[in-house]
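Heads up: the structure comes next, in structure tokens.
Below, chains carry the letters A, B, ... as their sequence lines are ordered, and counting in each starts from 1.
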There are 2 protein chains.
Amino acid sequence: MNAGTPGPGAAHTSSRSAILDVIRAAGTISRVELTRATGLTAATVSTVVRRLIDEGLVVEAGRAESTGGKPRMLLQLDPAARHAVGVHLDHAGITYVIANLGGQVVARWRRPGAGADDPRDVVARIAAEISATVARVGVDPEHLLGVGVVSPGPLATATGMTLAPPVMQHWAEFPLADAIEDAVGLPVLLDNDATASALGEYWSGGVPTGAVCAALYMGTGIGAGIIVDGTVYRGRSSNAGEIGHVCVDVDGPQCWCGSRGCIEVFAGPGAVVARAAEAGIALPGRSVSEDFAALARAAARGEEAPVRLLGDSARYLAAAAQVLANVLDLDLLVLTGASFAHAGSLYLPVVQERLSGGFFARGTHDVRVTISSHASEAAAVGGAALVLQAELAPRAAGLRMVVDTLTEVPAGPGVA
Amino acid sequence: MNAGTPGPGAAHTSSRSAILDVIRAAGTISRVELTRATGLTAATVSTVVRRLIDEGLVVEAGRAESTGGKPRMLLQLDPAARHAVGVHLDHAGITYVIANLGGQVVARWRRPGAGADDPRDVVARIAAEISATVARVGVDPEHLLGVGVVSPGPLATATGMTLAPPVMQHWAEFPLADAIEDAVGLPVLLDNDATASALGEYWSGGVPTGAVCAALYMGTGIGAGIIVDGTVYRGRSSNAGEIGHVCVDVDGPQCWCGSRGCIEVFAGPGAVVARAAEAGIALPGRSVSEDFAALARAAARGEEAPVRLLGDSARYLAAAAQVLANVLDLDLLVLTGASFAHAGSLYLPVVQERLSGGFFARGTHDVRVTISSHASEAAAVGGAALVLQAELAPRAAGLRMVVDTLTEVPAGPGVA
DNA sequence: CAACATTGTTAGGCGACTGAACGAAGTAAG
DNA sequence: CTTACTTCGTTCAGTCGCCTAACAATGTTG
């Protein structure tokens, strides 16, 4: 029962993905090390790497010191070999990034949000923004892989529509992916902000192959994305990681999700800002995110009320983090999203403190907790990462299609 | 971006596993339906099925009605073709089952627990029990695949040792799997009770291929096992699903896990029984599980104090269930383990009620909640299922081995 | 009965991966 | 400088899984 060796036919979801992923995680690595890391043979590594070099994705970058024989030829991704566009649609605004193979951002800009505009106009604007900037920064259109569009809220269906409650309800029936695909002429992927952010962190953060990694995302709402062994964990309906809608008070205030007393209602930026307003704290008042940022600055200066408000929020978030860590047995938890870009340093110690005592497997391994190095544009970077992964290192589709003739689960009343 | 078709080389973790799993889930199915359900070609299905028939795992069982052409030949697993032994080591006692391919129990018996005995003696007793019963019930030793040993608590290492706090600490250093393997002469697998129960439910409960399924296990403690697309989700260190050690009160009572205020401390059978004793309720007093069963019977009769105690426990469990459902985006949640065998009907409605309002994706799909049909021996059945899956439908090892030359996660203080 | 529909099998081929032998490029000892 | 040895990487023939395409089997329908 050895776990590492895949044996004949065990099928590595294409060794290509495995190898590319290990190079990504390692930064610089030789072919021998690749054979050890992937469990493939030297022969396979050799041919696959050659193909990657021919495609331009990988370059040879000098040789290592000899260890008593032929020195290793070192391999790296060529970051500039491919690019992808990430678009984060949010009420507050639209954030664009162009990211390269290494997940690094080569261009980044923001535009006003869609508001109540007709989706068709918004799509036209997006297409214009993309082609203009692609031309300006000199990215080879031949090597532009696609566009990843990310929005808050759950996805209605995997391809074509997004559903971002409570705002943007008039988008619910709009085939967003197809429309952008037609307008831009590139493949378009759609996903949830938290999910995409997690993949962006994986792709750009040097996360080791095989790590179990979650991104705790706080933008307007609170959610989490989950990456297991480099693949997004989606659950049944792509709604996995909805930690913001776990109930902490059955009689608590109503949440837009239809439930009551969700963590988001107590700890989300909107709630924190609302309480600050109740407490009479002066805030810009233009938008929740600006108010939240102001509050974070005040707390960083040590002002008492903001410190208390954010501390309360942080304790809820720490509880959510503990749940994620214990349920998923995490290696790594990244705090990301616009809110953590402003207030991450206030939340981080609270989360770490909670996990240092409350992580069940702490005797076996740590959970590393970090703040994303690009928290404010994490969702857009994630959008780009979706494209990079889909085009360069495609994974087995999470769930196989299930035919309707399958036996149903044997009764049991079920839930309304 | 179509999700279903795997394309050349996309590698189905061996189509054999996929086909076997669909037949298991469907009960009865034809080859054409298999092609649709698995995405494989008719040719592949044909040859793989022939191989399965040659091995005796699958049998042809009549033909379906014609739909205007050649009628379909129906296929089923031959339940009696293979067997596996499941052993559940617990403080209270050792439960044995022999299960067949279909996950049905063909033999089931209990013996006193290990207590403080020397592990070597216990291993000898286990081996004797197994060989005696295998001979008695007439299972062909040639077709006995192995032994799955299940115990509470986390695993120290994947192969060889178990670690079952707070009792049985003297087992921590003992190479249990190897010892039993030597004594019985069969492959031995080791796992956690909750994890195994989940797989047992998947294998024996006709759970559809591709379902996201969790078993909420309450034996002595509280835990959960997670099955995604037929594969156990383990997390980094096989400690995924430890929902019983999520903190609901940071200042709560000490838990054996080292933390404070864990759900288990409030809602576990031990806690419920202790509170009943405090409240002056008369109980047998021989063991926690007997006391808990007595309490459940009293509550079923409508006695006020027991109803209240179990209701409190059920609300904690419902919260845990909600967390699992939202974080994992579940299809199916099974309540199992000895405690639910006695009190499941008291817990089930509370859990269902909580999910009907608090499951985030309820607009998209249901979470079915059921009580296991073999809750009292679920862990042992799960042990057998571990063996069935490993021997018949091996999955890609959850986590690839990661070589030490990989880049580390880029700093961030991490957790103690 | 012929014509058609549907299920399932057989044959040939492509591509991924492996094992094993070999070539390449260094170090270490005399 | 030559010889021996180590380590890295490639080449080549063979295996295996799965696909495409043609075909055989077995029913229904007019």
Side-chain angles (χ1 to χ4, degrees), chain A residues 4-20 22-23 28-54 58-75 393-394 396 400 403 405, chain B residues 4-20 22-23 28-54 58-75 393-394 396 400 403 405:
Chain A
T5 48
H12 251 292
T13 305
S14 181
S15 51
R16 180 194 154 99
S17 302
I19 288 178
L20 212 46
V22 173
I23 300 177
T28 300
I29 195 170
S30 72
R31 291 173 178 81
V32 234
E33 292 165 301
L34 279 173
T35 67
R36 283 198 274 271
T38 58
L40 300 166
T41 21
T44 306
V45 169
S46 180
T47 58
V48 172
V49 166
R50 186 183 26 243
R51 207 168 310 169
L52 291 172
I53 290 177
D54 289 346
V58 168
V59 290
E60 297 189 327
R63 352 159 67 110
E65 290 283 289
S66 168
T67 59
K70 174 174 174 176
R72 306 169 175 186
M73 181 65 77
L74 296 176
L75 303 169
R400 213 171 294 131
V403 86
T405 51
Chain B
T5 46
H12 250 293
T13 308
S14 180
S15 51
R16 179 194 153 102
S17 301
I19 289 178
L20 211 47
V22 173
I23 300 177
T28 299
I29 195 169
S30 73
R31 290 176 179 80
V32 235
E33 293 165 302
L34 279 173
T35 67
R36 282 198 275 271
T38 58
L40 299 166
T41 358
T44 306
V45 169
S46 180
T47 58
V48 172
V49 166
R50 173 152 27 85
R51 209 169 309 170
L52 292 172
I53 291 177
D54 289 346
V58 168
V59 290
E60 297 188 326
R63 356 161 63 111
E65 291 282 290
S66 168
T67 60
K70 175 175 173 175
R72 306 170 176 187
M73 180 65 75
L74 297 176
L75 303 168
R400 214 171 295 131
V403 86
T405 50

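Each side chain to side chain donor-acceptor pair (under 3.5 Å) pair with one or both residues in residues 43-52 of chain B, not counting sequence neighbours, appears once here: B:Thr41-B:Thr44.
A pairwise comparison of heavy atoms in A:Ile19 and A:Val45 identifies CD1-CA, 4.0 Å as the closest pair. Scanning both residues, A:Val32 and A:Thr35, for their nearest heavy atoms gives O-OG1, 2.5 Å. In this structure, B:Leu20 and B:Ala393 approach most closely via the heavy-atom pair CD2-CB, 4.5 Å. The minimum heavy-atom distance linking B:Arg16 with B:Val48 is given by the pair CA-CG1, 3.9 Å. Across all their heavy atoms, A:Ala37 and A:Val22 have their closest contact at CB-CG1, 3.8 Å.
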Polar atoms only, N or O, under 3.5 Å: list the protein pairs with nucleotides 21-23 of chain D and their distances.
none

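Atoms CD (A:Glu60) and P (D:dT10) sit 8 Å apart, rounded to a whole Å. Rounded to whole angstrom, the span from the CD1 atom of B:Ile19 across to the C1' atom of D:dC18 amounts to 11 Å. Atom CD1 of A:Ile53 and atom P of D:dG9 are 10 Å apart (whole Å). Atom pair A:Leu52:CG and D:dG9:P shows a separation of 15 Å (rounding to whole Å applied). Whole-Å rounding puts the B:Glu65 CD to C:dA5 C1' distance at 16 Å. Put simply, CD1 on B:Ile29 is 15 Å from C1' on C:dG8, counting in whole angstrom units. In this entry the distance linking CZ of B:Arg51 with C1' of C:dT9 reads 14 Å, nearest Å. As a whole-Å value, the separation of A:Leu74 CG from D:dT7 P is 17 Å.
Legend: residues meeting side-chain contact (heavy atoms from CB on, under 4.5 Å) with A:Arg63, ordered by chain and number and at least two apart, are A:Pro71. Partners of A:Ala64 under the side-chain contact (heavy atoms from CB on, under 4.5 Å) rule, at least two apart in sequence or in another chain, are A:Arg72, A:Leu74. The side-chain contact (heavy atoms from CB on, under 4.5 Å) check on A:Ala61 picks up A:Gln76, with sequence neighbours excluded.
In this structure, CG in B:Leu52 is found 9.0 Å from CG in B:Leu75, a value given to the nearest 0.5 Å.
Between B:Thr41 and D:dC18 there is no side-chain polar atom (N or O) within less than 4.0 angstrom of OP1 or OP2. The phosphate of D:dC18 (OP1 or OP2) has no side-chain N or O of B:Thr44 nearer than 4.0 angstrom.
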Step by step, would you call A:Val58 with A:Ile23 a side chain to side chain contact (heavy atoms under 4.5 Å, CB included)? CA-CA 9 Å; A:Val58 168; A:Ile23 300 177; 3.9 Å; yes
From CA spacing to verdict: side chain to side chain contact (heavy atoms under 4.5 Å, CB included), B:Leu34, B:Ile29: CA-CA 7 Å; B:Leu34 279 173; B:Ile29 195 169; 4.0 Å; yes
Expected string for nucleotides 25-30 of chain C under the B/S/- scheme (protein heavy atoms, under 4.0 Å, primed atoms plus P, OP1, OP2 as sugar-phosphate) is BBS---
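Picking from C:dT9, D:dC19, C:dT18 the nucleotide with the shortest atom distance to the side chain of A:Leu40 gives C:dT18. The B:Arg50 side chain lies nearest to C:dT10 when the options are C:dT10, D:dT10, C:dG8.
Between B:Val32 and A:Val45, the residue anchored closer to the 5' end of DNA chain C is B:Val32, taking for each the nucleotide with the nearest heavy atom. Looking at which nucleotide of DNA chain D each of A:Arg31 and B:Thr47 is closest to, the 5′-most match is held by A:Arg31.
Each end of the helix from C:dC1-D:dG30 to C:dG30-D:dC1 yields a helix axis from five base pairs, and these two axes differ in direction by 10° (to the nearest 10 degrees).
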